[in-house]
J.: 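Handing you a structure now.
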Amino acid sequence: MTKVKICGLKTLADVEAVNRYLPDYIGFVFANTKRYVTDEQALAMKQALAGRIKAVGVFVEEPLAHVVSLCEKGIIDIAQLHGSESEEYIRALKQKTDTCVIKATRVQTPEQVFRVMSDEADYMLFDTYNKGAPGGTGERFPLEILEKSLSDMAAQGRKIKPFFLAGGLDCENVAEVIGRTECFAVDVSTGVETDGVKDERKIKQFIEKVRG
């Protein structure tokens with residue numbers, strides 16, 4: 001079954017909502033965006049989070065020592081890298097911790113997707129390209145680009161890592177997206193918000209759509 005990640009939690013009320021409907025993953029954003037949280041805020045939310053939900057830390061060009069510290073303190077279970085972090089960076093992170101790594105990329109062309117597939121990361125994440133924004137825009141990218149790249153990789157016998165799919169997902173389109181891409185997980189933030197705040201009703205509906 002396709003897994004669900006609810007990203008961009010900011011408050012204990014957000015945690016209470018996800019604890020009721022139990023997505024597989026949630027995301028704390030440590031990058032400089034509107035969903036940024038401090039280490040202290042993330043710790044308080046992690047302590048209140050249901051044990052079966054994995055906490056993902058979202059980073060953009062973050063110093064390695066900070067990511068390692070968050071892992072060692074148990075604030076995050078998985079690191080999601082949204083910048084231009086190198087294979088050496090990912091390798092060093094995995095050597096210093098037992099944390100899984102998701103390498104995110106913003107989809108532009110089939111050739112670009114092919115080039116950025118990480119050998120060191122455990123998962124890939126495909127998001128929408130928007131100049132100046134590392135992600136979380138709530139916009140979709142043409143699935144045909146990803147479909148073409150994955151088809152080309154399969155034809156060449158290249159192994160395709162399990163991947164998360166993000167970008168403009170909501171209750172209305174998530175079933176179609178899963179059917180077309182066979183993604184490992186779907187990642188949503190804006191699509192379960194109302195006026196920039198997590199909406200428990202939308203979280204419930206989104207999870208039901210995926211698992212239904």
Side-chain angles (χ1 to χ4, degrees), residues 1-10 14 17-18 21 23-37 54 56-60 78 80-84 102-114 116-118 121 123-151 160-212:
M1 179 183 293
T2 305
K3 298 187 181 300
V4 179
K5 175 168 171 267
I6 307 292
C7 200
L9 273 62
K10 293 180 65 176
D14 294 343
V18 297
Y21 303 109
D24 303 279
Y25 308 94
I26 57 87
F28 299 141
V29 178
F30 295 94
N32 185 25
T33 74
K34 62 185 178 182
R35 298 186 179 95
Y36 168 79
V37 296
K54 298 294 185 183
V56 180
V58 180
F59 305 96
V60 178
I78 298 171
Q80 178 177 315
L81 308 177
H82 256 274
S84 57
I102 304 168
K103 183 66 182 83
T105 188
R106 297 178 293 158
V107 172
Q108 298 178 62
T109 67
E111 295 75 21
Q112 172 256 345
V113 172
F114 191 101
V116 299
M117 291 291 283
S118 170
Y123 303 96
M124 294 296 297
L125 182 147
F126 300 112
D127 201 351
T128 301
Y129 177 80
N130 186 304
K131 188 175 182 179
T137 63
E139 301 171 4
R140 293 187 67 182
F141 65 84
L143 285 179
E144 294 80 7
I145 297 175
L146 181 59
E147 289 172 324
K148 174 69 164 58
S149 183
L150 297 178
S151 175
I160 300 171
K161 287 184 180 287
F163 61 91
F164 290 65
L165 194 64
L169 298 180
D170 56 33
C171 294
E172 302 303 318
N173 61 33
V174 68
E176 175 207 354
V177 167
I178 291 171
R180 288 179 61 178
T181 64
E182 298 183 355
C183 51
F184 170 78
V186 286
D187 186 337
V188 65
S189 189
T190 304
V192 292
E193 292 178 349
T194 299
D195 298 328
V197 177
K198 289 291 183 285
D199 185 320
E200 182 172 337
R201 178 182 60 85
K202 290 182 179 179
I203 291 172
K204 177 178 184 289
Q205 290 177 342
F206 187 88
I207 293 174
E208 287 176 346
K209 280 283 188 180
V210 175
R211 294 177 177 167

J.: At their closest point, which heavy atom of C7 faces which heavy atom of V58, and how far apart are they?
T.: SG-CG2, 3.9 Å

J.: If you measure from SG on C183 to NZ on K3, what distance do you get to the nearest 0.5 Å?
T.: 12.0 Å

J.: Of all the heavy-atom pairs spanning G8 and D14, show the shortest one and how long it is.
T.: O-OD2, 4.5 Å

J.: Supply the atom-to-atom distance M124 CE to I160 CD1, rounded to the nearest 0.5 angstrom.
T.: 11.5 Å

J.: Looking at P23 and V18, what are the two nearest heavy atoms and their distance?
T.: CD-O, 3.3 Å

J.: For I78, is there any backbone N or O sitting under 3.5 Å from a side-chain donor or acceptor partner on K54?
T.: no

J.: Take atom NZ of K202 as the centre, draw a 6.0 Å sphere, and report whether it contains more than 12 heavy atoms from other residues, nucleotides or ligands.
T.: yes

J.: Identify the residue among E200, Q205, R211 that makes a side-chain hydrogen bond (donor to acceptor under 3.5 Å, both in side chains) with Y21.
T.: E200

J.: Would you mind listing every salt bridge (charged side-chain N to carboxylate O under 4.0 Å, His left out) that reaches into residues 188-199, with sequence neighbours excluded?
T.: R35-E193, E193-K198

J.: Salt bridge (charged side-chain N to carboxylate O under 4.0 Å, His left out) with K204: which residues, sequence neighbours excluded?
T.: E208

J.: In the structure I gave you, are the side-chain heavy atoms of V107 and T128 within less than 4.5 Å of one another anywhere?
T.: no

J.: Which pairs, with at least one residue in residues 168-191 and sequence neighbours excluded, count as a ring pair (Phe, Tyr, Trp, His ring centres under 6.0 Å)?
T.: Y123-F184, F164-F184

J.: With salt bridge (charged side-chain N to carboxylate O under 4.0 Å, His left out) as the rule and sequence neighbours excluded, what pairs involving residues 171-182 come up?
T.: E144-R180, E147-R180, E176-R180

J.: With rounding to the nearest 0.5 Å, note down the distance linking OG1 in T2 to CD1 in I178.
T.: 4.0 Å

J.: How close do D187 and L169 get, heavy atom to heavy atom, and via which atoms?
T.: O-CD1, 3.7 Å

J.: Hey, does the side chain of K103 reach the backbone of S84 with a donor-acceptor pair shorter than 3.5 angstrom?
T.: no

J.: I'd like to check L146 versus F141 (side-chain heavy atoms, cut-off strictly below 4.5 Å). Are they in contact?
T.: yes

J.: Minimum heavy-atom separation for T109 to I145, with atom names?
T.: C-CG2, 3.5 Å

J.: Identify the heavy atoms of K10 and V37 that sit nearest to each other, and give their distance.
T.: CA-CG1, 4.0 Å

J.: Output all residues satisfying ring-ring contact (aromatic ring centres under 6.0 Å, His included) with F163, sequence neighbours left out; order by chain, then residue number.
T.: F126

J.: Does D170 reach the main-chain N or O of N173 with its side chain, forming a donor-acceptor pair under 3.5 Å?
T.: yes

J.: Under the side-chain contact (heavy atoms from CB on, under 4.5 Å) test against H82, which residue among T105, V29, D127 passes?
T.: D127

J.: Can you run down the ring pair (Phe, Tyr, Trp, His ring centres under 6.0 Å) pairs that involve residues 185-210, sequence neighbours left out, and say none if there aren't any?
T.: none

